[in-house]
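For reference, the structure is listed below as structure tokens.
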Amino acid sequence: QVQLVESGGGLVQAGGSLRLSCAASGGTFTFYTMGWFRQVPGKEREFVAAVSWTGGSSYYADSVKGRFTISRDNAKNTVYLEMNSLKPEDTAVYYCNAKGNRVPLVSMPQAPDSGSWGQGTQVTVSS
């Protein structure tokens with residue numbers, strides 16, 4: 001079972017940028033499709049973005065398309081989420097997710113509770 005540790009969250013003004021990182025250990029990184037989810041108190045965890053095991057394909061929620069970019073560095077066992085043009089509604093705890101068997105990108109949001117999860121990192125966007 002892969003272990004995941006997120007970093008890079010913080011407080012930023014609306015319109016600003018942040019880059020989240022998720023370091024993986026304890027597994028074969030290229031075995032996993034990687035994704036980011038987010039959650040605010042009282043709401044269900046929401047899919048944000050996913051990247052294929054090669055890093056060559058990605059998939060985004062409509063709410064972040066054009067503003068966020070997911071990428072991975074297989075040599076460093078790390079996945080990133082570059083967030084630009086941040087909005088107050090992007091405020092949430094962001095979680096890294098790994099799903100094995102190189103699952104298709106479109107299946108990442110369909111099983112929101114499956115796979116391995118990090119502890120989360122808080123992103124707060126002030127207006």
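These numbers come from a predicted model, not from an experiment. One-based numbering along the sequence shown.
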Quick one: name the residues clustered hydrophobically with L11, using the 4.5 Å side-chain heavy-atom rule over I, L, V, M, F, W, Y, and just say none if it's on its own. none
Report the distance from atom CZ of R72 to atom SG of C22, rounding to the nearest 0.5 Å.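 Output value for this atom pair is 10.0 Å.
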Tell me if a side-chain donor or acceptor on [X] pairs with a main-chain N or O of [Y] at a distance below 3.5 Å.
X: S17; Y: N84; result: no
X: S21; Y: S7; result: no
X: Y60; Y: I70; result: yes
X: Q3; Y: Q1; result: yes
X: E6; Y: G120; result: yes

Heavy-atom check, side chain of [X] versus side chain of [Y], under 4.5 Å:
X: L86; Y: L18; result: yes
X: F29; Y: M34; result: yes
X: T69; Y: Y80; result: no

Are L4 and W53 connected into the same hydrophobic cluster when the rule is that any two of I, L, V, M, F, W, Y join if their side-chain heavy atoms are below 4.5 Å apart? no
For residues T33 and V51, report the shortest heavy-atom separation together with the two atoms involved. CG2-O, 3.3 Å
Which pair of non-hydrogen atoms, one from V2 and one from A24, has the smallest distance, and what is that distance? CG2-CB, 3.7 Å
Is NZ or CZ of R45 both nearer than 6.0 Å to the six-membered ring centre of W117 and within 45° of the ring axis? yes
Evaluate L20 against T121 for side chain to side chain contact (heavy atoms under 4.5 Å, CB included), listing each step before the verdict. CA-CA 8 Å; L20 306 183; T121 186; 4.0 Å; yes
Given V48 and L81, is the side chain to side chain contact (heavy atoms under 4.5 Å, CB included) satisfied, shown in steps? CA-CA 10 Å; V48 174; L81 186 68; 4.2 Å; yes
More than 12 heavy atoms of other residues, nucleotides or ligands under 6.0 Å from CD of Q13: yes or no? no
Using 30° and 60° as the class boundaries, would you call the ring planes of F47 and F37 parallel, tilted or perpendicular? perpendicular
Sequence-distant partners of N77, side-chain hydrogen bond (donor to acceptor under 3.5 Å, both in side chains), two or more places apart: none
Sequence neighbours excluded and cut-off under 3.5 Å, please list the side-chain donor-acceptor pairs for residues 88-108, or say none.
residue	atom	partner	partner atom	Å
D90	OD1	R38	NH1	2.9
D90	OD1	R67	NH2	3.0
D90	OD2	R67	NH1	2.7
D90	OD2	R67	NH2	3.4
D90	OD2	K87	N	2.8
T91	OG1	P88	O	2.9
T91	OG1	V125	N	2.9
T91	OG1	V125	O	3.4
Y94	OH	R38	NH1	2.9
Y94	OH	D90	O	2.6
N97	OD1	K99	NZ	2.5
N97	ND2	S114	O	3.0
N97	ND2	S116	O	3.0
K99	NZ	A111	O	3.2
R102	NE	T30	O	2.9
S107	OG	P104	O	2.7

